Amino acid sequence: MSPPAIIAPSILSADFGALGKECSDTIGHGADWLHVDIMDGHFVPNITFGAPVVTKIRSHVDRPREALGKGTFDCHMMISEPKKWVKDFQKAGCDLYCFHYEAAVDSTAAETPEAHSDQKTSPKELIKYIHDQGMRAGVAIKPKTDVSVLYGLLDNSNKDEVPDMALVMTVEPGFGGQKFMPDTMPKVEALRKRYPNLNIEVDGGLSEKTIDTAANAGANVIVAGSAVFGAQDPADVIAKLREAVEGQR
Ligand SMILES: O=C(CO)[C@H](O)[C@H](O)COP(=O)(O)O
């Protein structure tokens, strides 16, 4: 049986002029987590916001009572220098710091020459560093990245270096409102088969139309931006996404 359904609306599609209220309303509509997209205009061709904004919106949502419980801030770091921002985001109230595997292994992804030494931190060292700051760690992969890169991290016997979640991107990261890519589903299926208890998150193009495909493949953490924030009845959409995942357990 897969782990429980976790619905994590992406606030990328929220009204940025009323972000605090949008966040508290969304939790009130039944969301488990808030998915907070951090984009640096370098790793992806778009910019959102940084730790000071997260600090402000955190005050509108109660901290989770238990690890990864209701109210978790799931920060998806679409940034070139993932190690550099760990402490700032911990202080801002991030609970789950999810970095991109591609950014952690590619020294050319760093924006500045000084940052190149920072990028020498391997993914497993970065996971440990995130854990040392008291957060959970996630590792994201883009649609073209092979799922097997995650096996080396997940099969590690040193628990401090093992991610708490894998994020399989179901669109190219950077923008909300894109079309779900069903050809990413074999990666989710492979992960679920190999790791029955793993939190597997999918992100991009998830809606009432695509949720069955993702749930069937084994995803249990569902990010949805435009489908939730563009809905007349966000609570109904959140409930339907949950039902679809629970139906597969
Ligand atoms: O990470 C993201 C984009 O890089 C967003 O979380 C994602 O695209 C959600 O938006 P939507 O549900 O509208 O596709």
Side-chain angles (χ1 to χ4, degrees), residues 5-16 19 22-23 26-27 29-50 53-54 57 72-80 82 85 89 94-103 109 138-145 165-185 187-188 199-215 217 219-242 244-245:
I6 293 170
I7 310 302
S10 163
I11 62 169
L12 185 61
S13 297
D15 174 358
F16 276 19
L19 211 41
E22 289 273 76
C23 289
T26 304
I27 292 292
H29 292 322
D32 300 290
W33 297 358
L34 291 173
H35 184 81
V36 182
D37 283 316
I38 307 299
M39 304 185 187
D40 65 356
H42 186 261
F43 182 73
V44 288
N46 197 4
I47 296 176
T48 54
F49 48 78
V53 173
V54 175
I57 57 177
T72 287
F73 267 40
D74 163 29
C75 294
H76 176 194
M77 309 304 292
M78 286 166 272
I79 61 174
S80 298
W85 301 102
F89 275 78
C94 166
D95 305 293
L96 171 58
Y97 189 98
C98 184
F99 65 89
H100 266 269
Y101 179 86
E102 301 87 356
V139 182
I141 52 170
K142 297 206 268 188
K144 290 192 188 78
T145 302
M165 184 182 79
L167 164 52
V168 175
M169 287 303 296
T170 47
V171 296
E172 284 298 337
F175 299 92
Q178 301 184 74
K179 200 165 175 290
F180 176 77
M181 297 168 68
D183 56 349
T184 57
M185 288 301 99
K187 296 198 270 190
V188 175
N199 277 321
I200 303 175
E201 183 172 66
V202 283
D203 178 11
L206 273 307
S207 69
E208 287 171 61
K209 287 191 183 132
T210 54
I211 185 63
D212 286 338
T213 305
N220 72 300
V221 185
I222 310 300
V223 176
S226 43
V228 170
F229 287 96
Q232 290 285 345
D233 186 349
D236 184 57
V237 174
I238 291 168
K240 289 201 168 105
L241 296 174
R242 187 186 307 287
V245 179

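Counting starts at 1 for both ligands and their atoms, following the listed order. Remember, predicted model here, so these are calculated numbers, not experimental data.
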**Student:** How far is atom 4 (O) of ligand 1 from the closest protein heavy atom, and which atom is that?
**Tutor:**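 Ranked first by proximity to atom 4 (O) of ligand 1 is Gly174 N, 2.7 Å.
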
**Student:** I'd like to check the ring-ring contact (aromatic ring centres under 6.0 Å, His included) partners of His76; sequence neighbours left out, ordered by chain and number.
**Tutor:**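 In terms of ring-ring contact (aromatic ring centres under 6.0 Å, His included), with neighbours along the sequence ignored, His76 is linked to His35, His100.
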
**Student:** If you count the atoms of ligand 1 from 1 in the order shown, which ones are under 4.0 Å from a heavy atom of Pro173?
**Tutor:** 4 (O)

**Student:** Where do Phe175 and Met39 come nearest, in terms of heavy atoms and distance?
**Tutor:** N-CE, 4.2 Å

**Student:** Give me the atom names and distance for the closest heavy-atom approach of Phe49 to Val36.
**Tutor:** CE1-CG1, 3.6 Å

**Student:** Looking at every heavy atom in both Asp15 and Glu22, which two are closest together, and how far apart are they?
**Tutor:** N-OE2, 2.6 Å

**Student:** For atom 1 (O) of ligand 1, what's the nearest protein heavy-atom neighbour? Residue, atom name and distance, please.
**Tutor:**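 Looking at atom 1 (O) of ligand 1, the protein heavy atom closest to it is Asp203 OD2, 2.8 Å.
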
**Student:** Where is the nearest protein heavy atom to atom 14 (O) of ligand 1: which residue, which atom, and how far?
**Tutor:** Gly205 N, 2.8 Å

**Student:** I need the minimum non-hydrogen distance between Gly204 and Thr170, along with the two atoms involved.
**Tutor:**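 Scanning both residues, the minimum pair turns out to be O-OG1, 2.7 Å.
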
**Student:** Taking distance alone, with no angle check, do Glu172 and ligand 1 share an N/O pair under 3.5 Å?
**Tutor:**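 No - when backbone and side-chain N and O of Glu172 are compared with those of ligand 1, no distance drops under 3.5 Å.
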
**Student:** Within the 4.0 Å heavy-atom shell around Asp37, which atoms of ligand 1 are there?
**Tutor:**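 In order of number, 1 (O), 2 (C), 5 (C), 6 (O).
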
**Student:** Can you report which non-hydrogen protein atom sits closest to atom 10 (O) of ligand 1, along with the distance?
**Tutor:**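 Minimum-distance protein heavy atom for atom 10 (O) of ligand 1 reads Gly176 CA, 3.6 Å.
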
**Student:** Gly205 and Phe180: which non-hydrogen atoms are nearest, and at how many Å?
**Tutor:** O-CB, 3.4 Å

**Student:** Show me which atoms of ligand 1 lie under 4.0 Å from any heavy atom of Ala224.
**Tutor:** 12 (O)

**Student:** Can you measure from CD1 (Ile79) to NE2 (His42) and round to the nearest 0.5 angstrom?
**Tutor:** 12.0 Å

**Student:** How far apart are the closest heavy atoms of Thr210 and Leu206, and which atoms are they?
**Tutor:**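 That would be OG1-CA, 3.3 Å.
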
**Student:** Which ligand 1 atoms, with their elements, are less than 4.0 angstrom from a heavy-atom of His76?
**Tutor:**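 This gives 1 (O) as the contact atoms.
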
**Student:** With no hydrogens and no angle check, do the side chains of Thr48 and Asp37 hold a donor and an acceptor under 3.5 Å apart?
**Tutor:**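 No donor-acceptor contact under 3.5 Å links the two side chains.
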
**Student:** Identify the protein heavy atom lying closest to atom 12 (O) of ligand 1, giving its residue, its atom name and the separation to 0.1 Å.
**Tutor:** Gly225 N, 2.8 Å

**Student:** Considering only non-hydrogen protein atoms, determine which one is nearest to atom 3 (C) of ligand 1 and report residue, atom name and distance to 0.1 Å.
**Tutor:** Phe175 O, 3.4 Å

**Student:** Just how far is it from atom CE of Met181 to atom CE of Met169, taken to the nearest 0.5 Å?
**Tutor:** 10.0 Å

**Student:** Report the part of Ser226 in contact with ligand 1, treating N, CA, C, O as backbone and CB onward as side chain, heavy atoms under 4.0 Å; options are side chain, backbone, both, neither.
**Tutor:**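 Answer for Ser226: both.
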
**Student:** Please report whether ligand 1 has a polar contact with Gly177, defined as an N or O pair separated by less than 3.5 Å (distance criterion only).
**Tutor:** yes

**Student:** Can you name the atoms of ligand 1, numbered from 1 with element, that are less than 4.0 Å from a heavy atom of His35?
**Tutor:** 6 (O)

**Student:** Assess Ala227 for proximity to ligand 1: is some non-hydrogen atom of it under 4.0 Å away?
**Tutor:** no

